[in-house]
Amino acid sequence: MTELKQAAALPGRGGPRRPRVRAPRRGVPVPLLVPGLLAMAFLLVPLLALLVRAPWRSLPSQLTSTEVWQALQLSLISATAATAVALVLGVPLAWLLARTEFPGRGLVRALVTLPLVLPPVVGGVALLLALGRNGVVGKSLDAWFGITLPFTTAGVVIAEAFVAMPFLVISVEGTLRAADPRYEEAATTLGASRFTAFRRVTLPLIAPGIAAGAVLAWARALGEFGATITFAGNFPGRTQTMPLAVYLALQNDPEAAIALSLILLAVSIAVLAGLRDRWMTGA
């Protein structure tokens, strides 16, 4: 009899079902509705204006021009290379911040995330002072190895990696903190080294966070302007990325600027679509 009562109490087994109580729908307060609609219009109208004023008839010819393809190719290559640098350096840094204890860890975390709020032009100036021909580190690179980074394609990659890596570090560190460290501890007790446990256990667990951080870093590198133009300059075919090409074309050829802007807009939408499971979930 007791078992029957328990079975009857279980949902879906013949027992009484509790009616679902729906929350009452309430009207939106006008003091919140009006500013919300204004904010929506403020964010969407400029994007809609870009689509409305786009030269759709001449867009194919604009996108197939040599200047546009040079800027597009350089942007894709440099953003991918900057993301690779961020992955190689940023994932170990995120692991150190999430899994180890050392003096000044909070200060290190604050300094790592500083490029997120630092004006990009200031970041470019800092890179010049550090890696320029007369910089703190660049002077030795030039004297010992003959390596000059400013105003080169490698300088573009470095500038983009500098501003994009914090996005990857934050994403991976948050994923590491959410992951259960007992799996790594179990692997080490079974004889695996810390690096083997990280490679065989931790990396598969945090792969979604790494992928999300890599996408964010790639999108941030693709849209970088201030640090790139300050540290690498604006030389067509060598350091002129799409944001720089938009800035230059806006002065001479507005239709080309709009065409490049549409490409960047499409990339941004694709990034949001790729991250919809993380950010764009609805209740």
Side-chain angles (χ1 to χ4, degrees), residues 37-83 86 115-124 151 153 155-168 212 214-276 279-280:
L37 293 177
L38 289 176
M40 187 183 304
F42 175 74
L43 295 174
L44 295 181
V45 168
L47 301 179
L48 294 176
L50 183 63
L51 297 175
V52 170
R53 298 296 298 273
W56 297 107
R57 293 183 178 179
S58 61
L59 189 61
S61 61
Q62 293 288 345
L63 295 180
T64 55
S65 64
T66 304
E67 295 79 7
V68 171
W69 275 107
Q70 284 181 348
L72 177 60
Q73 183 180 9
L74 179 61
S75 295
L76 295 177
I77 293 175
S78 60
T80 303
T83 305
L116 291 175
V117 296
L118 191 70
V121 175
V122 177
F151 309 108
T153 305
V156 175
V157 175
I158 291 175
E160 292 179 350
F162 177 78
V163 299
M165 190 182 300
F167 290 88
L168 177 73
V215 172
L216 288 174
W218 187 84
R220 180 65 183 89
L222 187 69
E224 168 52 33
F225 177 83
T228 303
I229 196 172
T230 306
F231 182 66
N234 187 13
F235 301 101
R238 188 172 66 181
T239 64
Q240 187 181 87
T241 58
M242 283 200 295
L244 274 63
V246 170
Y247 175 77
L248 183 64
L250 192 60
Q251 304 174 12
N252 303 321
D253 190 357
E255 290 188 353
I258 296 175
L260 285 170
S261 299
L262 288 176
I263 296 176
L264 293 175
L265 178 62
V267 170
S268 301
I269 294 175
V271 169
L272 288 179
L275 296 175
R276 64 185 183 275
W279 286 351
M280 299 179 64

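The side-chain contact (heavy atoms from CB on, under 4.5 Å) test applied to A82 returns V157, E160, A161, A221, not counting sequence neighbours. For the side-chain contact (heavy atoms from CB on, under 4.5 Å) test, residues two or more places apart in sequence or in another chain that qualify with P119 are V122. For S268, there are no side-chain hydrogen bond (donor to acceptor under 3.5 Å, both in side chains) partners, not counting sequence neighbours. In terms of the side-chain contact (heavy atoms from CB on, under 4.5 Å) criterion, residue partners of A219 (sequence neighbours excluded) are, by chain and number, V271. The side-chain hydrogen bond (donor to acceptor under 3.5 Å, both in side chains) search around T239 returns none, not counting sequence neighbours.
Counting only heavy atoms from C-beta outward, the side chains of P55 and I258 approach each other to under 4.5 Å. Here the side chains of L265 and I269 are in contact, with some heavy-atom distance below 4.5 Å.
Panel note: side chain W56, backbone L51; a donor-acceptor pair is recorded below 3.5 Å.
Pairs passing the salt bridge (Lys or Arg N to Asp or Glu O under 4.0 Å) check and including a residue from residues 215-224, sequence neighbours excluded, read R220-E224. A salt bridge (Lys or Arg N to Asp or Glu O under 4.0 Å) check over residues 228-250, counting only residues at least two apart or in different chains, returns nothing. Evaluation of the ring-ring contact (aromatic ring centres under 6.0 Å, His included) test over residues 231-274, restricted to residues two or more places apart or in two chains, returns F225-Y247.
For L260 against A245, the heavy-atom pair with the smallest separation is CD1-CB, 3.4 Å. The shortest heavy-atom contact between A217 and A164 is O-CB, 3.3 Å. Nearest heavy-atom pair, G233 versus L244, reported as atom, atom and distance to 0.1 Å: O-CD2, 3.2 Å. Nearest heavy-atom pair, V246 versus S261, reported as atom, atom and distance to 0.1 Å: CG1-OG, 3.7 Å.
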Expected list for residues 40-48: side-chain donor-acceptor pairs under 3.5 angstrom, two or more places apart:
none

Residues 70-77 side chain polar contacts: donor-acceptor under 3.5 Å, at least two apart:
residue : atom : partner : partner atom : Å
S75     : OG   : A71     : O            : 2.7
S75     : OG   : M242    : N            : 2.6

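With rounding to the nearest 0.5 Å, the separation of CD in Q240 from CD1 in I229 is 9.0 Å. With rounding to the nearest 0.5 angstrom, the OG1 atom of T153 is 11.0 Å from the CD1 atom of I158.
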L168 vs L216, test: side chain to side chain contact (heavy atoms under 4.5 Å, CB included). Steps then yes/no.
CA-CA 7 Å; L168 177 73; L216 288 174; over 6 Å; no
